[in-house]
Protein chains: 2
Amino acid sequence: MPAEDVHPVAPQCGDCPIRHRAVCARCEADELDLLEESKYYRSFEAGQTVIWSGDRMDFVASVVSGIATLTQTLEDGRTQMVGLLLPSDFVGRPGRETAAYNVTATTDIVMCCFRKKPFEEIMLRTPHIAQRLLEMTLDELDAAREWMLLLGRKTAREKIASLLAIVARRDAAIHLRYPEGTMTFDLPLTREAMADYLGLTLETVSRQISALKRDGVIELEGKRHVTVPDFDRLMSEAGDDSDGGFLP
Amino acid sequence: MPAEDVHPVAPQCGDCPIRHRAVCARCEADELDLLEESKYYRSFEAGQTVIWSGDRMDFVASVVSGIATLTQTLEDGRTQMVGLLLPSDFVGRPGRETAAYNVTATTDIVMCCFRKKPFEEIMLRTPHIAQRLLEMTLDELDAAREWMLLLGRKTAREKIASLLAIVARRDAAIHLRYPEGTMTFDLPLTREAMADYLGLTLETVSRQISALKRDGVIELEGKRHVTVPDFDRLMSEAGDDSDGGFLP
DNA sequence: ACAGAACCTTGACCCAAATCAAAGAAATCA
DNA sequence: TGATTTCTTTGATTTGGGTCAAGGTTCTGT
């Protein structure tokens, strides 16, 4: 996949409001029109379920603003988050009838949806879109596998530090403000949601956050606003060497 | 993605020996020839490393026979398996220069490799292949997410039962012999590899296998040959209701 | 057939995280 | 404004699985 054939990032996408890069960027006119026709927006309030696992799902979508989670549950209620959808993330699967996960809005959220049928047809005719989607799916797979390492082998403290590092990085990527290593952001998740993400209980999450604060790795203002005085320190608490090449 | 545009399974693929369905099935003549040209086989002995994480990887490949694992490690040596490659599974990522995981042969293995450049070029020109690859990647992502549920929320006993159920199912899918619910298969992994897969220690794996045997959920002949007298019982030990629709 | 290595099992003990419990902030509502 | 609910913190206790240790099996090569 030569670089010049890969779509650039969404903001270059003229007036197509969808952030999802496979759809937006460098669209040829015809394709753009076709997508426009099958496109609609839906918004959900914090806490609302977007779709239940097993429900019929006749659309694919990208997150415009807000945050949603993908979760799986065992029948006795144990819950594991398996994905975190931030703005520009894609959800849904061409070629599948029903949803495989619960999708829940954790903040107020706006999604840009496409009816699945037309989307699939466009995908068949425009290699760029299928290839961009493949690339994104491979990125998600990498993220899932990194998460497997976290779930299987990291301690509670390392798990928390990893999550904070990920949120900090995603935030930095958007806001581009990190004077000399200091970062500041809002946690978009409750303690319980963090616990579900990390395979912990909410009490353990709370205790470890308190511990990181006590040890000066982070500072807290209220319960959600976090300052990271030394990102490298946080990364080393997270246990893995590589930063995934995310930060410049 | 209409059904008639999806490639059927590999065995229908004439004399193309690769099992990887995106490449093999229903190939048009030109594409098949192109793939033939860039194709070569490599074999590895049990225990050999196929490729190290971070190494340059200028091929993609599918497993012809044998078993390989994908693993990630923390710098202090903690290891987590993030993928299990059985015959017909695909490894490698178009558009990436270096390997993201360690790939290790756990049995003697034969892989069918394609040079990455030609493979990518063919992918650009033949939508079928990109779409099949997308479908496979989405399947892998689903599997990874199911594994996240296992790693984050299941008990040691449930983890072992889940792994046994998965191996039993893959085996049944190949051999198609399960008289009235009884299944028999060989574990393709050492206790240590199972531990790395499940986020446990090898001692815990050993203890839980002994417990399942004591409780009559499985029977063991030697250390590797397993008989499952009641697959439903095993599934209920695994903790999740759905069997993923795998068995008929 | 034997020696050595690799793999596996079992026991004793310990600790990180779960569970149980209570109470303190913060948001929402009447 | 206070009342209720939701979210969070902290403490006390328990426990599942890790760690350390010692043997037992099976495989491999000579």
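Order of the sequence lines fixes the chain letters, A, B, ..., with proteins taken first and strands second; residue numbering starts at 1 for each chain.
Applying the side chain to side chain donor-acceptor pair (under 3.5 Å) test to every pair with at least one member in residues 98-115 of chain B, sequence neighbours left out, gives these pairs: A:Asp142-B:Tyr101.
Scanning for side chain to side chain donor-acceptor pair (under 3.5 Å) contacts around A:Asp215 gives A:Arg157, with sequence neighbours left out. Scanning for side-chain contact (heavy atoms from CB on, under 4.5 Å) contacts around B:Thr204 gives B:Ala156, B:Leu200, B:Thr201, B:Gln208, with sequence neighbours left out. With sequence neighbours excluded, the residues satisfying side chain to side chain donor-acceptor pair (under 3.5 Å) with B:Glu97 are B:Arg56. Listed by chain and residue number, nothing satisfies the side chain to side chain donor-acceptor pair (under 3.5 Å) test with A:Ser210 (two or more places apart in sequence, or in another chain). Among residues two or more places apart in sequence or in another chain, the salt bridge (charged side-chain N to carboxylate O under 4.0 Å, His left out) test is passed with A:Glu203 by none.
At its two ends the helix from C:dA1-D:dT30 to C:dA30-D:dT1 runs along axes set 50° apart, each axis drawn from five pairs and the angle rounded to 10°.
Between the side chains of A:Thr71 and A:Thr79, no donor-acceptor pair is found at a separation under 3.5 Å.
Residue A:Arg78 is classed as having no contact, given no heavy-atom separation below 4.0 Å to the nucleic acid.
The stretch residues 155-164 of chain A touches DNA chain C through A:Thr155, A:Ala156, each having a heavy atom under 4.0 angstrom from the strand. Non-hydrogen atoms lying under 4.0 Å from DNA chain D are contributed by B:Glu203, B:Thr204, B:Arg207, all within residues 203-222 of chain B. Within residues 186-197 of chain B, no residue has any heavy atom closer than 4.0 Å to DNA chain D.
In the 5' to 3' direction, nucleotides of DNA chain C lying under 4.0 Å from heavy atoms of chain B begin and end at C:dC8 to C:dA12. Of all nucleotides in DNA chain D having an atom under 4.0 Å from a heavy atom of chain A, the first and last in 5' to 3' order are D:dT8 to D:dA12.
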